[in-house]
A.B. asks: 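I'd like to ask some things about the structure below.
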There are 2 protein chains.
Amino acid sequence: MERTTRQRTAIRAVFDAHARPLSPTELHELAKADVPTIGIATVYRTIKAMVDDGELQPVDVPGEPPRYERAELAHHHHFHCRGCDKVFDVHACPRDIEKLAPSGFRLEGHAVMLFGRCDGCRAA
Amino acid sequence: MERTTRQRTAIRAVFDAHARPLSPTELHELAKADVPTIGIATVYRTIKAMVDDGELQPVDVPGEPPRYERAELAHHHHFHCRGCDKVFDVHACPRDIEKLAPSGFRLEGHAVMLFGRCDGCRAA
DNA sequence: ATCTTTGCAAAACCTTTGCACTGCG
DNA sequence: CGCAGTGCAAAGGTTTTGCAAAGAT
């Protein structure tokens, strides 16, 4: 990640324009708007470099391709809509998490994934 | 899932013998002890059928192959040890989960994954 | 005997990698 | 210019699928 390229600028722009976790494929499609010739390999390589740099963090959705979001976001969790498959940020956190770990275990972190239907998909 | 076959019996036996979430590959290797000729495709097909039947449920560990466990287990969560990579069941649940979903969203389920070090790996 | 289930191999995916070319610094 | 970065295509790994043979009822 030593140089600024059109491809990397486009990828960062996509994250700025869409404030939600994005998959490599989504990222590729959206970045094509800026740089039509961008290859999927570049997207994967850039994602990996950005994760290694601590700029992005993976968001894992069970049974789905991984998504990525900016790491600078404060601690939060996610909501996965079963209707549109989109993942939304949830800026809240259960308060009694520390009590869940078995005694003797050292708890270092946690992830909460909510499932259901988003506002738009609730009717359908 | 209409017929009882040696392959399916072997797969169920593996789940009985190992009380922890198992990956398709683990399942395949372990089932070979009973039915050496069992193919990986059969393992995948059987897993899928058992999940559809509600007999198994997937346990997703970020960045790792999926694992499966019996669905009859009461609602619970998981602890992923960063030392030994094992996944443990956690029979506790945050109480204020319902309050986390954004308003307007319909919450249908949730998953909690804890990270840290298990009792045995805490020292190392 | 019928019709589901199996094993094999090929196909379908997703992600990574090799290599020559491009273009940032 | 030199070398990081790119695009393409091929390789790697995992999961799915087509089909003829096996086997459960």
Side-chain angles (χ1 to χ4, degrees), chain A residues 1-15 20-69 71 80 84-87 113, chain B residues 1-15 21-69 71 80 85 87:
Chain A
M1 292 292 281
E2 302 180 3
R3 296 180 186 180
T4 301
T5 63
R6 276 177 306 131
Q7 290 83 347
R8 288 175 183 173
T9 302
I11 286 174
R12 289 213 176 79
V14 171
F15 277 110
R20 62 182 180 83
L22 299 168
S23 68
T25 308
E26 282 178 305
L27 214 42
H28 186 211
E29 291 306 318
L30 293 167
K32 275 185 190 168
D34 278 355
V35 184
T37 64
I38 191 171
I40 187 70
T42 296
V43 174
Y44 277 105
R45 278 186 287 232
T46 304
I47 288 172
K48 173 169 262 189
M50 289 173 81
V51 170
D52 288 348
D53 279 15
E55 190 176 342
L56 286 186
Q57 63 188 92
V59 175
D60 187 77
V61 184
E64 300 247 335
R67 322 270 162 103
Y68 298 86
E69 69 183 356
H80 179 220
C84 61
D85 258 2
K86 286 202 186 91
V87 176
M113 179 66 66
Chain B
M1 291 292 280
E2 301 180 6
R3 295 180 186 179
T4 301
T5 64
R6 275 177 306 130
Q7 290 83 347
R8 289 175 183 174
T9 302
I11 286 174
R12 288 213 177 80
V14 171
F15 277 110
L22 299 168
S23 68
T25 308
E26 281 178 305
L27 213 42
H28 186 212
E29 291 306 318
L30 293 167
K32 275 186 189 166
D34 278 356
V35 184
T37 63
I38 191 171
I40 187 69
T42 297
V43 174
Y44 277 106
R45 279 187 286 231
T46 304
I47 289 173
K48 173 168 262 190
M50 290 174 81
V51 170
D52 288 348
D53 279 15
E55 190 176 342
L56 286 186
Q57 62 188 148
V59 176
D60 187 79
V61 183
E64 302 240 337
R67 296 144 197 238
Y68 298 86
E69 69 182 355
H80 181 218
D85 255 4
V87 176

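By convention in this document, chain letters (A, B, ...) are assigned in the order of the sequence lines, proteins followed by strands, and residues within each chain are numbered from 1. Excluded from the calculations below are hydrogen atoms, water molecules and symmetry mates; all remaining heavy atoms, backbone and side chain alike, are included.
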A.B. asks: Would you state whether a donor and an acceptor, one from the side chain of A:R6 and one from the base of D:dG5, lie under 3.5 Å apart?
C.D. replies: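 No.
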
A.B. asks: Looking at the side chain of A:T42, which of C:dT2, C:dG7, D:dG7 is the nearest nucleotide?
C.D. replies: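 Looking only at side-chain atoms, A:T42 lies closest to D:dG7.
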
A.B. asks: Could you check how far CE of A:M1 sits from P of C:dG25, rounded to whole Å?
C.D. replies: 12 Å

A.B. asks: Could you give the CE-to-C1' distance, from A:M50 to D:dG5, as a whole number of Å?
C.D. replies: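 It is 15 Å, rounded to the nearest whole Å.
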
A.B. asks: Do any pairs count as a salt bridge (Lys or Arg N to Asp or Glu O under 4.0 Å) and have a residue in residues 56-67 of chain A, sequence neighbours left out, and if so which ones?
C.D. replies: A:E64-A:R67

A.B. asks: Does any N or O in the side chain of B:R8 come within less than 3.5 Å of the main-chain N or O of B:R3, such that one atom is a donor and the other an acceptor?
C.D. replies: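 Confirmed, B:R8 side chain pairs with B:R3 backbone.
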
A.B. asks: For B:R45, which contact category applies under a 4.0 Å heavy-atom criterion: base, sugar-phosphate, or nothing?
C.D. replies: base

A.B. asks: Can you tell me the distance, in whole Å, between the CZ atom of B:R8 and the P atom of D:dG23?
C.D. replies: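 Result: 15 Å.
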
A.B. asks: Can you tell me the distance, in whole Å, between the CG atom of A:D52 and the P atom of C:dT16?
C.D. replies: 11 Å

A.B. asks: So which nucleotide from C:dT6, D:dA4, D:dG7 ends up closest to the side chain of B:T5?
C.D. replies: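 Per side-chain heavy atoms of B:T5, the pick is C:dT6.
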
A.B. asks: Tell me: NZ of B:K48 to P of C:dT5, nearest whole Å?
C.D. replies: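 B:K48 atom NZ is separated from C:dT5 atom P by 15 Å.
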
A.B. asks: Which whole-number value in Å describes the distance from B:Y68 OH to D:dT14 P?
C.D. replies: 14 Å

A.B. asks: Once you round it to whole Å, what is the distance between P of D:dG5 and CD1 of A:I38?
C.D. replies: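 About 14 Å, once rounded to whole Å.
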
A.B. asks: Output the single nucleotide from C:dT16, D:dG7, C:dG7 whose closest atom is nearest the side chain of A:Q7.
C.D. replies: D:dG7

A.B. asks: Under 4.0 angstrom, heavy atoms only, what part of the nucleic acid is B:I40 near: base, sugar-phosphate, or nothing?
C.D. replies: nothing

A.B. asks: Any side-chain to backbone donor/acceptor pair from A:H28 onto A:T42? Under 3.5 Å, distance only.
C.D. replies: no

A.B. asks: Decide yes or no on side chain to side chain contact (heavy atoms under 4.5 Å, CB included) for A:E26 and A:R20, but give the supporting numbers first.
C.D. replies: CA-CA 11 Å; A:E26 282 178 305; A:R20 62 182 180 83; 3.2 Å; yes

A.B. asks: Side chain of A:R3 only, heavy atoms from C-beta on: which candidate in C:dT5, C:dG23, D:dT6 is closest?
C.D. replies: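 Within the option list, the nearest is C:dG23.
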
A.B. asks: With nearest nucleotide decided by heavy atoms, which residue, B:P66 or A:E2, maps closer to the 5′ end of DNA chain D?
C.D. replies: A:E2

A.B. asks: What contact category does A:T37 fall into here, base, sugar-phosphate, or nothing, at under 4.0 angstrom with non-hydrogen atoms?
C.D. replies: sugar-phosphate

A.B. asks: Taking atom P of C:dT5 as reference, at what distance in whole Å does atom CD1 of B:I47 sit?
C.D. replies: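 Taking CD1 of B:I47 and P of C:dT5, I get 16 Å after rounding.
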
A.B. asks: Is there a side-chain contact between A:P24 and A:I47 (heavy atoms, below 4.5 Å)?
C.D. replies: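 Counting from C-beta outward, A:P24 and A:I47 do come under 4.5 Å.
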
